[in-house]
**Student:** 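The structure that follows is given in the form of structure tokens.
Computed from a predicted model, the values in this text were never measured in an experiment. Each chain gets a letter, A, B and so on, in the order the sequences are listed, and its residues count up from 1.
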Number of protein chains: 2
Amino acid sequence: MDEKKTDRRILRTRQKIKETFAHLMEVKGFEAITIRDLTECADINRGTFYLHYLDKYDLLEKSEDELFEEMERLTDEAWEDVSRDQFEKVNMNEPLPFIIKLFEYLEENYDFIKVLLGPNGNSAFQVRVKEVIQKKMLDKFLIHSHPEHMLVPLDYLVAYVSSAHLGVIQQWLERGMDRTPQEMALLLSKISNFGPAYVAGLKETVEE
Amino acid sequence: MDEKKTDRRILRTRQKIKETFAHLMEVKGFEAITIRDLTECADINRGTFYLHYLDKYDLLEKSEDELFEEMERLTDEAWEDVSRDQFEKVNMNEPLPFIIKLFEYLEENYDFIKVLLGPNGNSAFQVRVKEVIQKKMLDKFLIHSHPEHMLVPLDYLVAYVSSAHLGVIQQWLERGMDRTPQEMALLLSKISNFGPAYVAGLKETVEE
DNA sequence: CCTTTTAATGAACACGATGTTGTGTAATCA
DNA sequence: TGATTACACAACATCGTGTTCATTAAAAGG
């Protein structure tokens with residue numbers, strides 16, 4: 001049913017469609033794109049589009065799927081390395097390698113990702129990015145945490161942290177990636193480990 | 001140009017449109033709604049719709065505007081009270097009143113808001129919710145923080161915290177509002193003040 | 001290299017949603 | 001009550017959709 005097609009014509013056509021799609025997403029946003037637009041711009045027959053995709057939603061989904069799968073593959077890989085090497089060690093001031101990998105991948109696909117995670121982006125895709133982060137955070141909390149010290153429900157805590165990470169990613173994209181993946185991962189590590197109040201310099205006002 | 005219309009017919013028609021719109025958003029989602037659908041369901045003439053709105057995007061925008069403005073009004077009010085009463089006091093373990101107000105307002109408009117902030121929601125609206133939170137957080141940090149203790153850039157910190165809050169709101173909506181606004185605000189206060197790592201019970205593993 | 005297979009083209013089609021217009025009706029306001 | 005105007009109804013051109021068919025061209029395989 002879903003056998004891999006190797007015909008060069010198919011690969012060429014699909015690539016051209018996806019390229020043009022990514023381009024038009026930047027230019028006019030997803031909703032404004034019509035199949036006519038896309039196929040004219042890609043210089044292929046309109047009917048040809050329907051040989052490969054059901055409609056533009058199908059195209060979006062399949063494009064996102066590819067990004068998502070690679071994102072998950074890379075971060076899973078990095079996460080397994082850490083789990084094996086430093087299973088019991090929690091470094092308060094070191095960035096998580098899988099977060100670095102995530103930023104690196106986003107950087108590679110900047111043009112398209114910026115649109116998907118931007119203000120006119122796709123909520124469903126943002127949920128999937130959060131899921132990638134959530135999975136690892138859940139792991140981390142379940143392995144390293146002391147349940148008796150868990151002050152809030154786990155699912156809310158995970159929602160908090162993964163959304164925070166996504167928010168910082170979005171800010172980073174909006175600022176035109178003004179820092180390296182390493183710097184970003186370290187920054188996230190600091191806030192998450194020391195807490196927003198502490199890194200903001202708020203805690204002292206109370207302690208003194 | 002934008003004078004207030006008081007004609008009952010206008011008010012009735014617009015209300016019916018907005019009601020039906022909110023209803024259809026829940027049932028089939030924004031993209032699947034057609035003006036035909038909407039006007040048939042609202043039992044008004046299709047042409048009448050165009051006397052009030054340019055298209056469905058205009059309708060969405062204006063509906064969101066109303067939610068946004070009320071959201072901002074309520075939270076601004078609560079924020080000013082705090083700024084006046086306890087300007088210098090930072091309570092580590094007390095919920096922020098404006099966050100309580102925010103949750104209360106979301107609760108009142110559950111049906112519509114749940115769609116807008118859900119997985120098939122509107123990214124632009126989510127940005128606006130974050131902006132409401134951001135504005136206050138920025139205030140808080142600027143007033144109470146010690147700049148010399150600021151460990152990360154302010155904009156990234158604000159992005160982190162406001163996105164985290166939005167994420168928790170979304171989780172709360174998905175869980176069918178399983179807690180009270182007060183409980184949610186307290187929960188958020190705990191995580192933000194003590195830090196994700198601490199409330200997860202992670203910090204002890206390092207300190208011991 | 002030649003044959004077979006099949007992807008892509010171009011044109012045509014019915015269909016549905018859009019946004020506009022003109023006329024008549026009925027509700028609202030002053 | 002009389003003037004105003006929001007609304008209903010119907011018709012219209014326009015556009016994008018998704019499908020079909022015969023035709024052309026390119027790739028795969030022997």
**Student:** Hey, which of Phe98(A), Tyr110(A), Trp172(A) is the one that makes ring pair (Phe, Tyr, Trp, His ring centres under 6.0 Å) with Phe103(A)?
**Tutor:** Trp172(A)

**Student:** Could you list, one pair per line, each protein nitrogen or oxygen that sits under 3.5 Å from a nitrogen or oxygen of nucleotides 24-30 of chain C, together with the distance?
**Tutor:**
from: dA27(C); atom 1: N3; to: Arg9(B); atom 2: NH1; distance (Å): 3.1
from: dT28(C); atom 1: OP1; to: Arg12(B); atom 2: NH2; distance (Å): 2.8
from: dC29(C); atom 1: OP2; to: Arg8(B); atom 2: NE; distance (Å): 3.2
from: dC29(C); atom 1: OP2; to: Arg8(B); atom 2: NH2; distance (Å): 2.8

**Student:** Is there a side-chain contact between Met25(A) and Ser63(A), using heavy atoms and a 4.5 Å cut-off?
**Tutor:** no

**Student:** May I ask you to decide whether Lys56(B) forms a salt bridge with Glu31(B), counting only side-chain N to carboxylate O separations under 4.0 Å?
**Tutor:** yes

**Student:** Of all the heavy-atom pairs spanning Met150(B) and Ala200(A), show the shortest one and how long it is.
**Tutor:** SD-CA, 3.6 Å

**Student:** I'd like to know if Lys62(A) pairs up with Asp58(A) as an ion pair, taking the criterion as any Lys NZ or Arg NE/NH1/NH2 lying under 4.0 Å from an Asp or Glu carboxylate oxygen.
**Tutor:** yes

**Student:** Flag the pair Glu131(A) and Lys135(A) as a salt bridge only when some basic side-chain nitrogen lies within less than 4.0 angstrom of an acidic carboxylate oxygen.
**Tutor:** no

**Student:** Expressed in angstrom and rounded to an integer, what is the separation of Arg14(A) atom CZ from dA27(D) atom P?
**Tutor:** 16 Å

**Student:** So, Ser123(A) and Gln126(B): side-chain donor and acceptor under 3.5 Å apart, yes or no?
**Tutor:** yes

**Student:** Check DNA chain D against residues 24-32 of chain B and give the residues with a non-hydrogen atom under 4.0 Å, in numerical order.
**Tutor:** none

**Student:** Nearest whole angstrom, please: distance from the P of dT23(D) to the CG of Asn45(A).
**Tutor:** 16 Å

**Student:** May I have the distance from Ile10(A) (atom CD1) to dT9(C) (atom C1'), rounded to whole angstrom?
**Tutor:** 15 Å

**Student:** Flag the pair Met184(A) / Glu107(A) as yes when at least one side-chain heavy-atom distance between them is below 4.5 Å, and no otherwise.
**Tutor:** no

**Student:** Between His52(B) and dC7(D), is there a contact of a side-chain N or O with OP1 or OP2 at under 4.0 Å?
**Tutor:** yes

**Student:** Reckon Thr48(B) has a side-chain N or O less than 4.0 Å from the OP1 or OP2 of dA6(D)?
**Tutor:** no

**Student:** Measure from CD1 on Ile17(B) to C1' on dA8(D) and round the result to the nearest Å.
**Tutor:** 14 Å

**Student:** Step through the shown structure and confirm whether more than 12 heavy atoms of other residues, nucleotides or ligands are within 6.0 Å of CD on Gln15(B).
**Tutor:** no

**Student:** Can a salt bridge be assigned to the pair Arg128(A) and Asp65(A) using a cut-off of 4.0 Å between side-chain N and carboxylate O?
**Tutor:** yes

**Student:** With a 4.0 Å cut-off on N to O distance, would you call Glu77(B) and Lys101(B) a salt bridge?
**Tutor:** no

**Student:** Any N/O pairs under 3.5 Å between the protein and nucleotides 16-22 of chain C? List them or say none.
**Tutor:**
from: dT18(C); atom 1: OP1; to: Ile35(B); atom 2: N; distance (Å): 3.1
from: dT18(C); atom 1: OP2; to: Ile35(B); atom 2: N; distance (Å): 3.2
from: dT18(C); atom 1: OP2; to: Arg36(B); atom 2: N; distance (Å): 3.4
from: dG19(C); atom 1: OP2; to: Tyr50(B); atom 2: OH; distance (Å): 2.9
from: dG19(C); atom 1: N7; to: Arg46(B); atom 2: NH1; distance (Å): 2.9
from: dG19(C); atom 1: O6; to: Arg46(B); atom 2: NH2; distance (Å): 2.8

